[in-house]
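Comments concern the structure below.
Bear in mind that the values here come from a model prediction, so they are computed numbers and not experimental data.
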Amino acid sequence: MRVTINGKSEEVSGSTVLEILKAKDVSPQMVAVEFNSKMLERDELGSTVVKDGDAIEFLFYMGGGA
Amino acid sequence: MVFVPDSEEQVTRYSRHILLPEVGGKGQQKIGQARVLIVGAGGLGSPAAFYLAAAGIGTIGLIDSDAVDLSNLQRQIIHQTPDIGRPKVASAKAKILALNPNVAVETHAARLTGENALDLIGRYDIVVDGVDTFPAKFLINDACFFARKPLVHGGILRFEGRVFTILPGQSACLRCIFRQPPPPGAVATCQEAGVIGALAGVIGTIQTTEVLKLILGKGRLLTNRLLDYDARETRFREIQVAKNPRCPLCGERPEITRLFEHEPEVCAVRTV
Ligand SMILES: [Zn+2]
């Protein structure tokens with residue numbers, strides 16, 4: 001299945017957003033996830049089914065400034 | 001100090017602004033009346049303070065509790081080698097006044113806390129986030145929401161940076177995207193992670209431009225979109241976001257109804 005992750009088209013395995021996160025070795029606590037332009041709550045990651053052509057944004061925390 | 005259109009010194013000093021149709025004499029006057037608070041006189045605060053001063057901002061507030069350290073000088077360009085050991089707000093104030101004596105500088109040699117944030121932020125028109133910890137970034141986000149003050153958020157780490165402008169109650173806030181700071185222990189410290197010094201200039205000057213646009217009421221703000229900069233690839237990317245009805249702060253059923261501080265934490269982050 002091909003989905004767009006952070007603007008890049010990628011071939012992924014996994015049927016939910018949570019499975020894709022795990023496959024990419026990203027802890028759900030470390031990102032905010034936008035799915036087809038809508039923010040997902042953490043408890044929705046496992047229940048959100050991904051289809052061909054979906055767009056996922058993993059938004060990482062960006063700290064620092066000093 | 002207010003811009004005086006008949007002052008030759010000021011007309012000349014700001015001539016490249018006044019020439020712009022978006023600024024003109026009126027806009028320069030608005031800039032001269034504006035009160036901007038920079039939280040953190042460090043990496044992002046340095047270029048912000050310099051360019052806001054150069055632009056003729058009426059009053060610049062600076063809050064920082066630290067003293068200048070040798071390791072700051074790689075990126076915190078408002079501080080110089082002879083300033084080591086000096087309070088950052090005093091060091092920054094001296095540079096601002098040397099650049100533009102028309103600017104009034106208010107220094108607060110303190111840490112922004114749950115106790116002082118609302119009072120302090122309430123005294124300014126616009127807030128620039130130049131802090132380096134997540135609890136502080138969330139505190140500023142929340143305080144600006146309660147005080148209804150526009151906030152220009154910025155972050156830098158390693159080779160990456162981000163800018164995001166927030167009009168509290170109107171556009172997405174930090175908590176619309178990230179409910180809370182990352183879990184303690186899951187993050188690398190700034191000292192461990194490092195940062196390219198020039199990133200502070202890129203991000204801090206974009207923040208400053210947002211401040212000027214806010215003052216002038218011109219252009220399109222970085223609201224409801226995150227601007228992420230990847231210096232390794234020299235690539236900017238915009239991520240559209242929206243006000244989240246389930247935001248714990250500005251959503252329809254807010255859980256956060258008063259200002260509080262998250263546990264102090266190390267700065268930084270991105271584990272992948
Ligand atoms: Zn919000």
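In terms of heavy-atom pairs under 4.5 angstrom with chain A, the leader among B:Gly42, B:Gly43, B:Gly40 is B:Gly43. Residue with the most contacts toward chain A among B:Pro181, B:Ala136, B:Gly45, B:Cys176: B:Pro181 (heavy-atom pairs, distance under 4.5 Å). Residue with the most contacts toward chain B among A:Leu59, A:Val33, A:Val31: A:Leu59 (heavy-atom pairs, distance under 4.5 Å). Considering only heavy-atom pairs separated by less than 4.5 Å from chain A, the leading option among B:Arg75, B:His153, B:Arg246, B:Lys88 is B:Arg246.
For B:Phe138, the part sitting under 4.5 Å from any heavy atom of chain A is the side chain, from C-beta outward, and nothing else. Using a 4.5 Å cut-off between heavy atoms, B:Leu226 touches chain A through its side chain atoms alone. When heavy atoms are compared at a cutoff of 4.5 Å, B:Gln76 approaches chain A solely by way of its side chain, counted from C-beta outward.
When all heavy atoms are compared, the tightest approach of A:Met62 to B:Lys137 is O-CE, 4.1 Å. Between A:Ala32 and B:Ile177, the shortest heavy-atom distance links the atoms CB-O, 3.2 Å.
Remark: A:Lys22 NZ is loosely packed, at most 12 non-hydrogen atoms of other residues, nucleotides or ligands lying under 6.0 Å away. When the shell of 6.0 Å around CD of A:Glu11 is examined, it contains more than 12 heavy atoms from other residues, nucleotides or ligands. For B:Phe50, the CZ atom is densely surrounded, since the number of other residues' heavy atoms within 6.0 Å is greater than 12.
Using a 4.5 Å heavy-atom threshold, the side chains of B:Ile239 and A:Asn6 count as separate. The shortest side-chain heavy-atom distance between B:Arg237 and A:Glu57 falls under the 4.5 Å cut-off.
Atom CZ of residue B:Phe178 and atom CE of residue A:Met30 lie 9.5 Å apart, to the nearest 0.5 angstrom.
By the 30° and 60° cut-offs, the orientation of the rings of A:Tyr61 relative to B:Phe134 is perpendicular.
For a heavy-atom cut-off of 4.5 Å, chain B lies close to A:Lys38, A:Met39, A:Glu41, A:Arg42, A:Glu44 in residues 37-50 of chain A.
Residue pairs meeting the side chain to side chain donor-acceptor pair (under 3.5 Å) criterion with at least one member in residues 198-211 of chain B, sequence neighbours excluded, are B:Thr165-B:Glu210, B:Glu210-B:Lys213.
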